[in-house]
Amino acid sequence: MTRKDNNPIVSLLSRIVSPFIMLFALYVIFHGHYSPGGGFQGGTMLAAAVLLIRLAAGREISQLQFKKSWGTPVGSVGVFIYFFTGFLALLMGGNYLDYSFLPLGLEAPVTRGWGILSIEIGVGLAVMGILVAIYDDLLEGEPND
Amino acid sequence: MHWQLEIVFFIVLITTAFIALDVKNLLVAVVTLSVFSFISALLYIVMGAVDVGFTEAVVGGGVSGILFIVLIFKTSRRSSD
């Protein structure tokens, strides 16, 4: 992070490990409603995979994976997914976040499952974007990185 | 239920907490704090709170350690004694 020399072992190992962390994070998010885990944990693991590449490879190379300007938009999209799912249920006549009123054309338990899944995806995107944005803002003034 | 395992975990937990408080090198303190967080996650899992333990392992062992390391490299120690 502060030195410019690149350790090949560290960069190679982080390059191998980071996609598997992302894959496990997606597993955690998509199985969040019937196993331990969920949106927050999965989003944090996605952010950890991105931050691992940022720590190991430096700032310029890690821009190829996740650009510095993407953090806040991804977080905003996650918050919008969460809000829109709740507000759609409100528009269809139920309470806020009452998933069984979502207009999917399925039975109530199946509709609740899909509603909770979309909530988890929104929370995961929001947590990932904001954590990466916090890291990038901490390293804002660094000249070479 | 697993009280022997819990005793071992508590001993390691308190030891890592004292090491993190006493050590002079801040990087060692951050690594020890990550170990503390991971051991406490194992304790939560032994006690049956799998979700809390998962959150503790991911946040305490992963992201907060990275943020602490970044802050250590951003600051500098000026001790003039």
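Letters A, B, ... mirror the listed sequences (proteins, then strands); counts begin at 1. No experiment lies behind these values; they were computed from the predicted model shown.
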Does [atom1] in [X] sit with more than 12 non-hydrogen atoms of other residues, nucleotides or ligands closer than 6.0 Å?
X     : atom1 : value
A:Y96 : OH    : yes
A:I9  : CD1   : no
A:Y34 : OH    : yes

Which pair of heavy atoms, one from A:A48 and one from B:V63, lies closest together, and at what distance? CB-CG2, 4.3 Å
Can you list every ring-ring contact (aromatic ring centres under 6.0 Å, His included) pair that touches residues 10-65 of chain B, not counting sequence neighbours? none
Stepwise, does the side chain to side chain contact (heavy atoms under 4.5 Å, CB included) test hold for B:V58 with A:F40? CA-CA 10 Å; B:V58 168; A:F40 184 78; over 6 Å; no
Between atom CG of A:L51 and atom CD1 of B:I69, what is the distance when rounded to the nearest 0.5 Å? 11.0 Å
Can you tell which of B:V50, B:T55, B:L71 has the highest number of heavy-atom pairs within less than 4.5 Å of chain A? B:T55
